[in-house]
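All remarks here apply to the structure that follows.
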Amino acid sequence: MRLVLASRNPHKLRELQTILSGLGLEVVLESELGLDVEVEETGSTFEENSLLKAQAVLAASGLPTIADDSGLMVDALAGAPGVYSARYGNKTSDADRTRYLLEKLQNVPDGARGAKFVCVITALWPDGRRIIARGECPGVILRAPRGNGGFGYDPVFCLPEYGLSYAELPAGQKNAVSHRGRALREFARIYKEEFLHDQ
Ligand code: IMP
């Protein structure tokens with residue numbers, strides 16, 4: 001079965017594809033179908049925004065749709081940037097947003113740099129079926145970027161138990177520990193239980 005990903009982010013596509021292909025699901029970017037759906041992320045939670053994206057692309061394509069809304073919540077910033085992660089400080093690049101975050105945390109001591117990544121996956125089918133799955137991953141914010149992999153805030157998000165940033169994890173390993181990987185495994189669990197068990 002084909003799922004249309006309500007996103008323009010090829011990094012998300014790659015991370016989703018790895019896990020979903022094991023379920024016999026093929027994920028395609030909306031752009032591959034000639035769609036470019038503008039979605040205003042007006043929700044105050046990842047759940048609301050994930051649903052808004054999936055609904056908009058389902059309405060435009062008429063096909064089963066999957067959306068990912070995700071972001072970084074930093075303890076010392078009372079959960080910011082949260083749902084505003086993609087437009088933090090009105091910066092337009094990952095590097096600028098990351099620099100802005102590090103500036104905000106300049107005076108925050110090592111013991112107080114806790115954070116978590118959150119991901120909510122929403123899949124909608126034209127017949128009304130839906131799956132919503134959430135995943136979180138705790139970590140700490142580094143003082144300077146490390147590593148070249150991934151995207152977004154990956155170079156400054158460190159997993160203390162591995163001593164590595166998301167961007168330093170060996171290729172293909174991010175899904176094993178990440179917020180997105182966790183949300184996708186929860187999605188897979190529900191999909192197998194509710195969609196495949198009769199087959
Ligand atoms: P969204 O595309 O509206 O869900 O925005 C998510 C934003 O959160 C991205 O633009 C990134 O800045 C950040 N983000 C989400 N997931 C990740 C990740 O896995 N690594 C690094 N940054 C992420």
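Order of appearance sets the numbers: ligands from 1, and atoms from 1 within every ligand. The structure presented is a predicted model; accordingly, all values stated were derived computationally and were not measured.
With hydrogens left out, the protein atom closest to atom 16 (N) of ligand 1 is Arg180 NH2, 2.9 Å, a heavy atom. With hydrogens left out, the protein atom closest to atom 22 (N) of ligand 1 is Tyr153 N, 3.2 Å, a heavy atom. Remark: minimum distance from atom 17 (C) of ligand 1 to any protein heavy atom is reached at Phe151 CZ, 3.5 Å.
The two atoms that bring Val108 and Arg113 nearest to each other are O-NH1, 3.0 Å, heavy atoms only. What you find for Gly43 and Val83 is that their closest heavy atoms are O-CG2, 4.2 Å.
Near Glu41, meaning under 4.0 Å from any of its heavy atoms, are these atoms of ligand 1: 3 (O). Numbered from 1 in the order shown, with element, the atoms of ligand 1 that lie under 4.0 Å from a heavy atom of His179 read 16 (N), 17 (C), 18 (C), 19 (O). Below 4.0 Å from some heavy atom of Gly71 lie the following atoms of ligand 1, by number and element: 8 (O). Counting atoms of ligand 1 from 1 in the listed order, those under 4.0 Å from a heavy atom of Asp68 are 4 (O). Within ligand 1, the atoms closer than 4.0 Å to a non-hydrogen atom of Asp69 are 1 (P), 3 (O), 4 (O), numbered from 1 in the order shown. Within ligand 1, counting atoms from 1 as listed, the ones closer than 4.0 Å to a heavy atom of Lys174 are 18 (C), 19 (O), 20 (N). Below 4.0 Å from some heavy atom of Ser85 lie the following atoms of ligand 1, by number and element: 7 (C), 8 (O), 12 (O).
Under the 4.5 Å side-chain criterion, counting only non-hydrogen atoms from C-beta, Leu102 is not in contact with Leu142. Between Leu101 and Leu72 the shortest side-chain heavy-atom distance falls below 4.5 Å. Considering only heavy atoms from C-beta on, Leu20 comes within 4.5 Å of Phe187 through its side chain.
Contacts between Phe117 and ligand 1, counted as non-hydrogen atom pairs separated by less than 4.0 Å, involve the side chain only. Residue-level proximity to ligand 1 for His11 is absent, since no heavy atom of it falls below 4.0 angstrom. Within the 4.0 Å heavy-atom criterion, the part of Lys53 lying near ligand 1 is the side chain and not the backbone.
Residues Arg8 and Glu38 are paired through a salt bridge, judged by an N-O separation under 4.0 Å between the basic side chain and the carboxylate. A salt bridge is absent between Glu136 and Arg182: the closest approach of a Lys/Arg side-chain nitrogen to an acidic carboxylate oxygen does not fall below 4.0 angstrom. A salt bridge links Glu193 with Arg189: the closest approach of a Lys/Arg side-chain nitrogen to an acidic carboxylate oxygen falls below 4.0 angstrom. Comment: Arg143 engages Asp110 in a salt bridge, judged by a side-chain N to carboxylate O separation of less than 4.0 angstrom.
The shortest N/O to N/O separation between Asp154 and ligand 1 falls below 3.5 Å. For Lys12, a nitrogen or oxygen atom sits less than 3.5 Å from a nitrogen or oxygen atom of ligand 1, counting backbone and side chain alike.
Closest to atom 5 (O) of ligand 1 by heavy atom, among Cys137, Ser7, Ala86, Gly150, is Ala86. With atom 7 (C) of ligand 1 as the reference point, the heavy atom nearest to it among Gly152, Ala67, Ala6, Ser70 is part of Ser70.
Taking a 6.0 Å sphere around CD of Glu40, one finds it holds 12 or fewer heavy atoms contributed by other residues, nucleotides or ligands.
Within the 4.0 Å heavy-atom shell around ligand 1 one does not find Ser178.
Between Tyr153 and Phe117, the two ring planes are tilted [angle within 30° to 60°].
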